[in-house]
S.K.: 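I am attaching a structure below and will ask some questions about it afterwards.
One-based numbering along the sequence shown.
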Amino acid sequence: MTPTPPPTSPAPHTFRTVFPVLALCWLAVFFDGMDVTIYGAVMPHMLDDTGLGLTPGSAGTIGSWTTFGMLIGALTAGNLTDWLGRRLMLVVSVTLFSVGSAVCAVAGGVALFGAGRFVSGLGLGGLMPLCLAMVMEFAPPRRAALTTGLLMTSYHFGGMAATGLGLTLAPAAGWRWVFWAGVLPALVAVPLLLKLLPESPGVLLARGEGERADAVADRYGLPRPTAVAAPAAGAAGRLAAVRELFRPQSRWATPLLWLASFCGLLLVYGVSTWLPQMMRAEGYGLSSSVGFLMVINAGGIVGLLIAGRTADRFGAVRVSAIWFVLTAAGALLLRAHLPLGVTYAVVALTGVWLFSAQVMVYAATASVYRDSERAAGLGWVTGVGRTGAVVGPWLIGALATNGNQRWGFTTFALAGLAGAVAIALVPLAQRFDRSGAVRTAPAAAVTSGPDA
């Protein structure tokens, strides 16, 4: 009798085995950061183009339309993922913001340009939570914060690429060619995602494809997904998942995470949209003003590498709170017209803290929610935070219309302090929630006993 061969051992769960997934998500987020930053990088040139008819007020409104599209994209991507899966939804997201960039490139007026940015926002909003969820699912054990930080460096490399195009291509060929460069994701990333990116094992299990889920998990060294780790499918399942975010153990931590994300994304998108124009209004030259966007994104890359390792050792909540406070200090320093070299240094240091403060809010969800709640928790932290992304560009635009751009730096400082308080209170809220749940449990047991 021929003995039955032993089952094939799954691959080890290391950075090396999951590198293809991380690399593809990195590429997608690179183009995300490029598309988000393009607008801020070319805004000074667009304001100088009298034929387009862009004003500081309408510029802020368009920035908010972009982030409003992102809000809708973030909140609807989950339901579409039930039908299409994360892989195809990523492809749809990349295609949408590439199409939106093409619309912006041919727009002859503010209305069509705004419509193009809204379409881009739909794709951008869906992409980020999908990539974050994929990376957290595939990340090696105890490396979620570091992996999230590494992923988000791509956003800033993309921002630097957009700034480079704003500094070189926009003066030489016009701002429209920078938006034509935004079509590249559809040509580069989409074929690679379709060919090489696996589907999420958790999503496959939720769709009833258990064998495929186990095969993908074994191939990349992941634990095989169980029913508790699979995201809820369908409208009823998603509603139940949202209710779980307010279970006794996390009912106060959840709104605090939402507030921290609101403040963080107000900072990220307010700065990405308005920093060049704000610095130009402070008296710096056009090239220097756009260059500050390059420098703050370079600082963002350094900050994410530092924050990821530090958070794995000391906790994402603590790092996020400190980073928010340092961001507020940097924003206040930028109110002063310092020498150019000193200003570059302050901008770079502010970038170190600003962007990774928000990313560590995402990483903090891993300590608040159970496996079955993590996808919904991250999606809502991202989605509700997008309201901050809508408010930031609009608010600074309103200040600019009234000649009060300098107050933008104060606004950023206040948002940093509010974000620090919110994220710092999360551990206290968790302890309060847990103690409340422990106190309620015995009472529930008594009332449901045989003598009740």
Side-chain angles (χ1 to χ4, degrees), residues 23-43 45-46 52 62-63 65-74 76-77 80-81 84-108 110-132 134 151-152 154-166 168-170 173-197 269 272-273 297 382 386 389 393:
L24 288 167
C25 289
W26 195 97
L27 179 65
V29 175
F30 171 88
F31 285 123
D32 181 303
M34 179 177 159
D35 196 280
V36 167
T37 311
I38 275 178
Y39 184 43
V42 300
M43 187 190 292
H45 298 280
M46 295 175 66
L52 182 64
I62 288 173
W65 270 104
T66 308
T67 50
F68 182 62
M70 295 171 77
L71 172 62
I72 295 173
T76 58
L80 292 176
T81 300
L84 302 177
R86 284 183 185 155
R87 175 171 163 272
L88 281 180
M89 271 307 301
L90 279 174
V91 170
V92 170
S93 298
V94 172
T95 303
L96 274 174
F97 68 72
S98 296
V99 170
S101 193
V103 172
C104 290
V106 301
V110 171
L112 184 58
F113 183 87
R117 291 305 290 165
F118 176 76
V119 172
S120 290
L122 292 174
L124 295 167
L127 184 139
M128 186 64 76
L130 287 167
C131 283
L132 284 167
M134 286 286 284
L151 172 72
M152 294 306 296
S154 62
Y155 178 94
H156 300 291
F157 276 114
M160 292 175 69
T163 308
L165 292 171
T168 56
L169 190 57
W175 60 266
R176 295 180 186 277
W177 282 101
V178 181
F179 283 98
W180 279 121
V183 180
L184 286 174
L187 304 177
V188 176
V190 166
L192 292 174
L193 291 170
L194 285 172
K195 184 175 181 180
L196 301 175
L197 186 70
Y269 288 95
S272 296
T273 303
N297 276 288
T382 307
R386 293 292 182 196

S.K.: What orientation do W65 and F68 show, parallel under 30°, tilted 30 to 60°, or perpendicular over 60°?
M.R.: perpendicular
S.K.: Could you tell me if the side chain of R176 sits less than 4.5 Å from the side chain of V42, heavy atoms only?
M.R.: no
S.K.: Within a strict 4.5 Å, meaning less than it, do heavy atoms of the P185 and V190 side chains meet?
M.R.: no
S.K.: Measuring from Y155:OH to D32:CG, what's the distance to the nearest 0.5 Å?
M.R.: 6.5 Å
S.K.: Could you go through F97 and L122, starting from their C-alpha distance and side-chain angles, then the distance that decides it, and tell me whether this counts as side-chain contact (heavy atoms from CB on, under 4.5 Å)?
M.R.: CA-CA 7 Å; F97 68 72; L122 292 174; over 6 Å; no
S.K.: Please name the pair of heavy atoms, one in L90 and one in C131, separated by the smallest distance, quoted to 0.1 Å.
M.R.: CD2-SG, 3.6 Å
S.K.: At what distance, to the nearest 0.5 angstrom, does CE of M89 lie from CG of L84?
M.R.: 6.5 Å
S.K.: Between the main-chain N or O of I72 and the side-chain N or O of T76, is there a donor-acceptor pair closer than 3.5 Å?
M.R.: yes
S.K.: What pair of heavy atoms forms the shortest contact from P191 to A186, and how long is it?
M.R.: CD-O, 3.7 Å
S.K.: Quick check: closest heavy atoms across V91 and T95, and the distance to 0.1 Å?
M.R.: O-OG1, 2.8 Å
S.K.: Supply the atom-to-atom distance M160 CE to T37 OG1, rounded to the nearest 0.5 angstrom.
M.R.: 11.0 Å
S.K.: Is there a side-chain contact between F179 and V106 in this structure, where contact means two heavy atoms from C-beta onward sitting under 4.5 Å apart?
M.R.: no
S.K.: If you compare all heavy atoms of A107 against all heavy atoms of L112, which two are closest, and at what distance to 0.1 Å?
M.R.: CA-CD2, 3.8 Å
S.K.: Under 4.5 Å between any side-chain heavy atoms of Y269 and R386, yes or no?
M.R.: yes
S.K.: Can a donor-acceptor pair be found, under 3.5 Å and without considering hydrogens, that links the side chain of R87 to the backbone of L197?
M.R.: yes
S.K.: Using side-chain heavy atoms (C-beta onward) and a distance below 4.5 Å, is S93 in contact with L130?
M.R.: yes
S.K.: Does the S154 side chain pair with the main chain of L151, one donor and one acceptor, at a distance under 3.5 Å?
M.R.: yes
S.K.: As an exercise, state the distance from CG of L193 to CG of L88, rounded to the nearest 0.5 Å.
M.R.: 10.0 Å
S.K.: So which heavy atom on C104 is nearest to which on G116, and how close?
M.R.: SG-C, 3.7 Å
S.K.: Yes or no on ring-ring contact (aromatic ring centres under 6.0 Å, His included) for F157 and F31, after CA distance, side-chain angles and deciding distance?
M.R.: CA-CA 9 Å; F157 276 114; F31 285 123; over 10 Å; no
S.K.: Would you say V103 and V119 make side-chain contact, with heavy atoms under 4.5 Å?
M.R.: no
S.K.: Could you measure the distance from the SG atom of C25 to the CE atom of M128? Nearest 0.5 Å is fine.
M.R.: 11.0 Å
S.K.: Do M134 and L24 have side chains that approach each other closer than 4.5 Å (heavy atoms only, starting at C-beta)?
M.R.: no
S.K.: Check the orientation of Y39 and F113. Use parallel for under 30°, tilted for 30 to 60°, and perpendicular for over 60°.
M.R.: tilted
S.K.: Evaluate the side-chain contact (heavy atoms from CB on, under 4.5 Å) criterion for residues L165 and M34: first the C-alpha distance (whole Å), next the side-chain angles of each, then the deciding distance (0.1 Å), finally the verdict.
M.R.: CA-CA 10 Å; L165 292 171; M34 179 177 159; 3.8 Å; yes
S.K.: Indicate yes or no: at least one non-hydrogen side-chain atom of L52 is less than 4.5 angstrom from one of H45.
M.R.: no
S.K.: Mind listing the closest non-hydrogen atom pair of T273 and M43 along with its distance?
M.R.: O-CE, 3.4 Å
S.K.: Measuring from atom OG of S98 to atom CG of L187, what distance do you get when rounded to the nearest 0.5 angstrom?
M.R.: 7.5 Å
